[in-house]
Amino acid sequence: GAGVSQSPRYKVAKRGQDVALRCDPISGHVSLFWYQQALGQGPEFLTYFQNEAQLDKSGLPSDRFFAERPEGSVSTLKIQRTQQEDSAVYLCASSLGGAGAGGYTFGSGTRLTVV
Amino acid sequence: QKEVEQDPGPLSVPEGAIVSLNCTYSNSAFQYFMWYRQYSRKGPELLMYTYSSGNKEDGRFTAQVDKSSKYISLFIRDSQPSDSATYLCAMSGGGETSGSRLTFGEGTQLTVNP
């Protein structure tokens, strides 16, 4: 596709439920990032992939958060045993190049609400 | 203290006004500076991208970076109602791993009134 596609757009989960969020980056893009954006805040870094390698996962808030990109294209962010504080928009971004490029293309995000 | 500080606004201006948006930062390793625009329920969209200090102009938009003061600005000339959005500054240090991550400001909510 022409842009970064994320699904679902909206997800309501009961506290304690597991969720999986999908990101389809722009075809051929090497770098893929996940960010978390709380209401009224700027996005905060979660994790970074270069192709299938997860080079940085230092932003993942707890071991309930897990991300993968097994074939270097589609990525999934999984949150286990969701908590209310996990409610946020989860943004995926990709770029053609590797480190330092900065000019990432973002998807529209998945809005997760934990009730 | 946050690495990147940005006044969240809200900022309301009349159509045609010059808008000035600013961010300060504390991490001297930042080398790449960006401004993103985010409409409601959309992802951030890259507006301006600057490496190191200096000015960059693109149409009605001008980005300035002053690394000595750790201060970046975005100017919007002849503002239009369609410019109404949240503006996010972002920066990174480059490098293969964590240097690629963007650190964002809180975002400034701008409304341009017709």
Side-chain angles (χ1 to χ4, degrees), chain A residues 2-10 21 23-26 29-51 53-60 88-111 113, chain B residues 2-10 21-25 27 29-52 56 58 63 65 72 85-110:
Chain A
V4 176
S5 178
Q6 292 188 246
S7 61
R9 284 297 314 275
Y10 303 92
L21 312 180
C23 173
D24 278 273
I26 294 173
H29 275 199
V30 167
S31 296
L32 184 146
F33 297 79
W34 284 97
Y35 286 82
Q36 180 190 58
Q37 187 173 24
L39 188 64
Q41 300 295 313
E44 292 199 357
F45 172 81
L46 292 177
T47 188
Y48 164 53
F49 290 86
Q50 193 170 98
N51 295 307
Q54 189 173 21
L55 297 187
D56 187 352
K57 56 181 180 180
S58 62
L60 296 176
V89 175
Y90 290 85
L91 294 164
C92 177
S94 70
S95 73
L96 184 61
Y104 311 125
T105 302
F106 280 84
S108 292
T110 294
R111 183 177 297 271
T113 303
Chain B
K2 294 181 180 179
E3 277 190 296
V4 179
E5 298 279 356
Q6 182 176 10
D7 185 342
L21 304 168
N22 312 291
C23 289
T24 59
Y25 64 95
N27 188 343
F30 288 143
Q31 301 182 70
Y32 300 87
F33 303 91
M34 286 136 275
W35 286 94
Y36 282 84
R37 177 175 63 195
Q38 187 173 27
Y39 292 112
S40 181
R41 299 190 181 275
K42 296 289 187 182
E45 168 196 12
L46 181 66
L47 272 180
M48 299 289 283
Y49 175 88
T50 311
Y51 171 69
S52 195
K56 186 173 183 179
D58 184 1
V65 174
I72 71 171
T86 296
Y87 289 79
L88 296 153
C89 63
M91 43 201 82
S92 74
E96 279 299 313
T97 56
S98 61
S100 296
R101 61 195 287 180
L102 297 181
T103 301
F104 282 88
E106 190 174 341
T108 299
Q109 187 178 339
L110 171 68

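So you know, we letter chains A, B, ... as the sequences are listed, proteins then strands, and number each from 1. Predicted model only: the values in this text are computed from it and were never measured. Every heavy atom of this structure was used, including side-chain atoms; hydrogens, water molecules and symmetry mates were not.
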What part of A:Gln6 gets closer than 4.5 Å to chain B, counting heavy atoms only: side chain, backbone, both or neither?
neither
Which pair of non-hydrogen atoms, one from A:Arg9 and one from B:Arg41, has the smallest distance, and what is that distance?
NH2-O, 3.1 Å
Against chain B, label A:Tyr90 side chain, backbone, both or neither, depending on which of its atoms sit under 4.5 Å from a heavy atom there.
neither
Between B:Gln38 and chain A, which part of the residue has a heavy atom less than 4.5 Å away: side chain, backbone, both or neither?
side chain
Is any side-chain heavy atom of B:Leu102 closer than 4.5 Å to one of A:Tyr35?
yes
Tell me if the CD atom of A:Gln41 is crowded by more than 12 foreign heavy atoms within 6.0 Å.
yes
Give a yes or no on whether A:Gln54 atom CD has more than 12 heavy-atom contacts from other residues, nucleotides or ligands under 6.0 Å away.
yes
Minimum heavy-atom separation for A:Leu91 to B:Pro44, with atom names?
CD1-CD, 3.9 Å
Non-hydrogen atoms of B:Tyr36 and A:Tyr104 that approach each other most closely
OH-N, 3.3 Å
Scored by heavy-atom pairs under 4.5 Å with chain B, the best of A:Cys92, A:Gly40, A:Ser108 is A:Ser108
In terms of heavy-atom proximity below 4.5 Å to chain A, should B:Pro8 be classed as side chain, backbone, both, or neither?
neither
Inter-residue atom distance A:Gln37.CD - B:Leu88.CG, 0.5 Å rounding:
6.5 Å
